[in-house]
Amino acid sequence: MAGASYVLPFEKPVVELVARVRELRELATSDRALEPELRRLEDKATKLARELFAELTPWQKVQLSRHPNRPSTLDYVHRMFEGFIELHGDRTFGDDAAIVAGLARVRGQSVAIVGHQKGRGAKDNVKRNFGMPHPEGYRKAHRLYELASRFGLPIVTLIDTPAPTPDRRRGARAERGNRRVPCGHVARARPHRGHHHWRRGQRRRAGARSRQTGSWSSSTAPTA
Amino acid sequence: MVLEYGTYSVISPEGCASILWKDGSKTEEAAARLKMTAPDLLRLGVVDRVVEEPAGGAHQDYDDAARKVEAAIVEALRELETTGGAEDLVEDRYRRFRSMGAFVA
């Protein structure tokens with residue numbers, strides 16, 4: 001799926017299995033008689049794939065969670081929500097492409113969405129900073145939370161980040177924002193368990209190190 | 001909620017191994033010790049649900065992955081509607097964070 005294939009050594013047998021099933025499915029569209037047989041093979045392959053992956057070590061799961069082909073926030077947003085309107089900028093410093101935020105509907109219900117966005121490929125990843133936000137990204141998130149709270153909207157957050165950016169310039173950007181943004185705001189909804197990291201990121205001062213941030217997570221998306 | 005093959009931790013296994021043991025080759029051990037996989041997070045109460053991924057992981061089938069996540073989110077939103085007001089939610093959140101990391105060894 002999705003562009004250049006990148007296969008981790010341990011996922012090879014499962015990838016081949018999944019590819020085989022996909023081929024069969026294409027064959028079956030031209031011949032309805034194959035349908036029941038296909039169903040059976042599909043079930044079998046899925047079960048086998050699950051068994052193989054049940055044996056994964058924690059480190060292998062970490063590698064899987066960092067898989068370059070893994071869907072990121074926008075991949076989910078465009079499939080799950082209707083009428084997504086992306087909102088940019090933190091009203092203070094600038095826009096951070098590592099965080100995507102906006103309003104949309106899911107089954108008729110309006111929601112605010114905030115999520116990390118990783119890039120696909122080198123160029124896109126430079127733009128998205130590998131899903132590692134700067135202070136303005138956290139302020140954008142904060143702005144959306146406030147907006148949601150004003151309109152009583154639930155917040156859906158998709159967490160998919162290696163960490164906040166460990167950038168020296170970050171300090172100045174954080175200072176600049178802190179004069180304007182009140183901390184400790186609590187949104188109405190109960191989005192996820194990793195909320196502390198944007199608040200901390202926002203409070204962080206010059207010289208702080210990335211390891212002092214509250215959380216490290218990769219492809220924990222989606223948390224809601 | 002966390003995806004089946006998602007991870008969540010205060011630090012990367014690489015960072016943990018090099019800081020704690022000054023040995024980058026202990027990354028695998030660090031990954032295990034950090035209890036950062038979805039089943040670990042569920043057991044420790046860091047998340048309250050693990051969302052199943054398509055066979056082979058979310059990257060094998062974006063559409064199916066999105067369907068599964070959507071179903072979980074819709075369910076959570078419905079649950080949210082029946083929960084009390086904002087104060088209850090905040091209280092609930094507070095208690096959840098306070099209880100994290102506190103467990104009997």
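Below, all heavy atoms of this structure are taken into account, side chains as well, without hydrogens, waters or symmetry copies. A note on names: the letters A, B, ... follow the listed sequences, proteins ahead of strands, and every chain is numbered from 1.
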(Q) So for V111(A), is it side chain, backbone, both, or neither that comes closer than 4.5 Å to the heavy atoms of chain B? (A)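 The side chain, not the backbone.
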Q) Do you know the tightest heavy-atom contact between P164(A) and M132(A)? A)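 Smallest interatomic distance, heavy atoms only, reads C-CB, 4.1 Å.
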**Q.** Y5(B) vs F53(A) side-chain heavy atoms within contact, under 4.5 Å
**A.**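 Of all side-chain heavy-atom pairs linking F53(A) with Y5(B), at least one is under 4.5 Å.
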Q: Heavy-atom pairs under 4.5 Å with chain B are the metric here; pick the option from V18(A), L56(A), L17(A) that has the most.
A: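 Between V18(A), L56(A), L17(A), the count favours V18(A).
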Q: Find the one option among E11(A), K61(A), R50(A) whose heavy-atom pairs under 4.5 Å with chain B are most numerous.
A: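 Top option by heavy-atom pairs under 4.5 Å: R50(A).
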Q: Would you please say whether a donor-acceptor pair under 3.5 Å links the side chains of D88(B) and T83(B)?
A: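 Result is no, nothing qualifies.
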Q) Using a distance-only test with no angle check, is there a side-chain donor-acceptor pair under 3.5 angstrom linking T46(A) and D43(A)? A)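 Result is no, nothing qualifies.
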Q: Answer with side chain, backbone, both or neither: which region of P39(B) has an atom nearer than 4.5 Å to a non-hydrogen atom of chain A?
A: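 Side chain of P39(B) only, per the 4.5 Å heavy-atom cut-off to chain A.
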